[in-house]
Amino acid sequence: MKAAELLESRKNNWRELDQLCSKMEQRRYRKSTAESVSRFAALYRAACADLALADAYHLPPGTVHYLHQLVGRAHNQLYRSRLFNFHAWGEEMFRRLPQRLFCDNALRLSFCVFWGIFLISMYLASDYSPVPDFAEAVAGKETLEQMELMYEEPISSNNRGAEMFGFMAGFYVWNNAGIGLRCFAAGLVYGVGGLFALVFNAALLGTIFGHMTTVSMSDNFFHFVTAHGPFELTAVVLSAAAGMRLGFSLVDTGGLRRGDSLRKAAGEAMPTAMAAVILFILAAGIEGFISPSPLPYSVKAAVFGISCALLLFYFVLLGLPRVDDELG
Amino acid sequence: MSSRSSPIDGQIQIVTPENIAFEYRLAGPFVRLPAYLLDKLLQFACIFVLGMVLMFTLGSMGMPGLGMGTTFIFTFVLNWFYGGLFETFWNGQTPGKRAMGIRVVTTDGQPITAIQAVLRNFLRLVDGLPMAAGSVLPLFQFGLICCLLNRRFQRLGDIACGTMVIYEMHHGLRGLSRVDEPLVRQLAAAIPPAFPVDRNLARALSKYVDRRRFFSPARRAEIARHVAQPLCERFGLPPNTSGDALLCALYNRSFITEMPEEERRDDAPEKNPFLFNNAKPTALVDGSFDWSPEETAAK
């Protein structure tokens with residue numbers, strides 16, 4: 001058969017497939033009727049066959065380009081991804097992720113580095129410090145004075161309107177979750193970037209905590225930070241751990257090629273990062289609405305207790321390795 | 001499913017489970033940068049407009065703080081999830097990518113998943129290093145170098161998610177080019193009917209005829225000469241035959257009609273019935289015209 005005749009005979013099929021693709025690209029897949037799906041499959045197979053034989057048919061390059069494009073489009077419709085599977089996502093977040101995190105060395109390292117440096121800086125910035133100027137050297141005089149100014153007034157005498165809490169919650173989501181995600185992304189640089197961000201944040205926060213114990217407004221400060229502390233600090237540790245998982249996969253590839261190892265780690269690190277974002281958002285909600293509110297300290301301590309219990313439940317109870325998993 | 005790319009022309013070939021190979025054209029850093037800038041512009045515009053609207057409406061209701069708070073949340077979402085959300089719901093495209101006609105797919109050529117879409121946008125931060133102007137202006141040197149070091153123009157985020165960016169190809173189906181000049185018809189009669197046109201020659205002919213309308217007659221003669229001269233010798237035509245017309249005649253014969261005129265078809269018993277019905281024309285090696293670009297270039 002001549003190319004011209006062949007083109008003439010296939011043209012309508014190709015056009016029909018083209019139109020079906022356009023239709024499927026616009027509407028959701030599940031809305032297509034059964035007939036149109038089976039017609040689509042038949043037309044796709046025919047177009048595949050035409051493309052495979054294009055050389056033998058002596059089709060001109062313009063037509064071959066068109067066929068490549070057509071088959072590519074149809075292929076993308078046929079193998080299109082499920083948009084979002086809530087069940088699978090829940091399974092990942094509440095069953096597999098805590099178990100993975102329970103024996104994740106990156107998380108252990110991140111946890112130890114953060115809390116170790118946090119506590120050491122806190123000690124060095126406190127009254128018992130062997131290094132008297134530590135706090136000023138790390139955080140800078142201006143930051144410390146600003147912090148002192150912020151907590152001068154006791155929180156219970158706070159007369160900001162309730163709507164200001166909305167402003168603060170929004171600000172904390174933007175600022176803190178942004179810092180966490182930056183921590184995560186920076187981890188890609190062989191884990192060093194994430195480690196740096198983690199050490200930096202731990203040292204700064206520890207210093208401020210230590211310094212605030214030495215000044216007269218320490219009560220106000222701890223009154224403020226108690227409620228949202230657990231979620232926020234855990235979120236920092238988590239996001240850094242997720243970033244380090246990415247970075248370390250480039251160093252210890254476990255026998256895979258570096259690209260493949262990174263891809264595998266990325267699939268595991270992504271849910272961790274999402275968990276961190278969720279924790280940041282929770283923490284921002286508490287930090288915006290509960291921490292600055294004139295509620296009595298006992299309520300805030302209760303919030304602190306509940307968040308700690310929730311975190312322990314998630315990381316320890318859900319995370320404990322199970323016997324049936326080892327067998328299966 | 002696997003994919004491989006030829007290092008020269010930025011095409012990448014995808015082999016589907018049906019064992020069909022089709023090609024995508026890869027999008028390099030210099031089409032992705034304008035797409036990114038467009039997206040950034042759109043983000044800033046959105047944040048600005050939404051922020052204004054929220055602050056004015058909520059402010060006039062006596063809650064300016066809530067307005068600012070929601071603006072911060074919008075800024076956060078747009079900053080970190082703009083690309084991820086668009087690429088999830090628009091099948092690998094953001095407004096900027098759509099404007100530039102590019103799309104993100106996996107390295108297997110399939111649509112990306114939500115996780116890939118979000119992650120590759122998170123990791124853009126690392127591709128943006130180093131930062132200039134007080135660490136707000138990303139210079140994208142990491143991403144650029146990474147793009148240039150691998151075959152698929154993947155930045156670090158793409159490597160981590162197994163994705164690549166390709167051009168959307170939307171050229172429609174064009175018919176065959178047709179050349180109908182008296183000289184061409186005349187020459188077609190002079191071509192021996194048994195002359196087989198192999199795959200390379202057919203491709204060259206079709207490319208030439210598709211593009212010849214963009215060339216001046218002198219340029220056509222210059223280009224056609226390389227193939228037409230050896231053909232003239234072979235067919236016993238005078239050396240001053242128009243190369244352009246000869247190629248068109250050969251093109252007509254191999255792509256459009258078996259014989260140039262209807263009446264010729266009846267008195268052409270020597271016509272080889274296997275020439276173009278055969279699934280493998282290259283199998284007719286015996287006496288076929290051995291044409292290859294290297295050879296003509298050497299001449």
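Order of the sequence lines fixes the chain letters, A, B, ..., with proteins taken first and strands second; residue numbering starts at 1 for each chain. Remember, predicted model here, so these are calculated numbers, not experimental data.
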Determine whether the aromatic ring centres of residues A:Trp174 and B:Phe76 are separated by less than 6.0 angstrom. no
Quick one: pull up CE in A:Met270 and CD in B:Gln116 and give me the separation to the nearest 0.5 Å. 10.5 Å
Please classify the contact between B:Tyr24 and chain A as side chain, backbone, both or neither, with a heavy-atom cut-off of under 4.5 Å. side chain
Of A:Gly193, A:Gly72, A:Gly187, A:Ala269, the largest count of non-hydrogen pairs under 4.5 angstrom with chain B goes to A:Gly72
Starting from the C-alpha separation in whole Å, work towards a yes-or-no answer on side chain to side chain contact (heavy atoms under 4.5 Å, CB included) for B:Glu168 and A:Gln69. CA-CA 8 Å; B:Glu168 280 254 88; A:Gln69 178 255 124; over 6 Å; no
Report the option among B:Val126, B:Thr75, B:Ile73 that has the most heavy-atom pairs separated by less than 4.5 Å from atoms of chain A. B:Val126
Between A:Phe280 and chain B, which part of the residue has a heavy atom less than 4.5 Å away: side chain, backbone, both or neither? neither
Of the backbone (N, CA, C, O) and the side chain (C-beta and beyond), which part of B:Val105 lies under 4.5 Å from a heavy atom of chain A, both, or neither? side chain
Heavy atoms from other residues, nucleotides or ligands near CZ of A:Arg96 exceed 12 (cutoff 6.0 Å): yes
Which atom pair, heavy atoms only, marks the closest approach of B:Glu23 to A:His68? N-ND1, 3.0 Å
Give, as side chain, backbone, both or neither, the part of A:Arg182 having an atom under 4.5 angstrom from any heavy atom of chain B. both
In terms of heavy-atom proximity below 4.5 Å to chain B, should A:Ala186 be classed as side chain, backbone, both, or neither? backbone
For B:Tyr167, does the OH atom sit with more than 12 other heavy atoms under 6.0 Å from it, leaving out its own atoms? yes
Between chain B and each of A:Leu67, A:Leu181, A:Leu262, count heavy-atom pairs under 4.5 Å; write down the option with the most. A:Leu181
Measure distances from A:Leu250 to the heavy atoms of chain B and classify the residue's part below 4.5 Å as side chain, backbone, both or neither. neither
Check each atom of B:Phe81 against the heavy atoms of chain A and say whether the ones under 4.5 Å are side chain, backbone, both or neither. side chain
How far apart are the C-alpha atoms of A:Leu246 and B:Leu123, what are their side-chain angles, what is the distance that settles it, and do they pass the side chain to side chain contact (heavy atoms under 4.5 Å, CB included) test? CA-CA 11 Å; A:Leu246 284 185; B:Leu123 295 181; 3.9 Å; yes
Nearest-0.5 Å distance, CZ of residue A:Arg258 to CD1 of residue B:Ile159: 12.5 Å
pair A:Phe184-B:Leu119: side-chain heavy atoms closer than 4.5 Å: yes
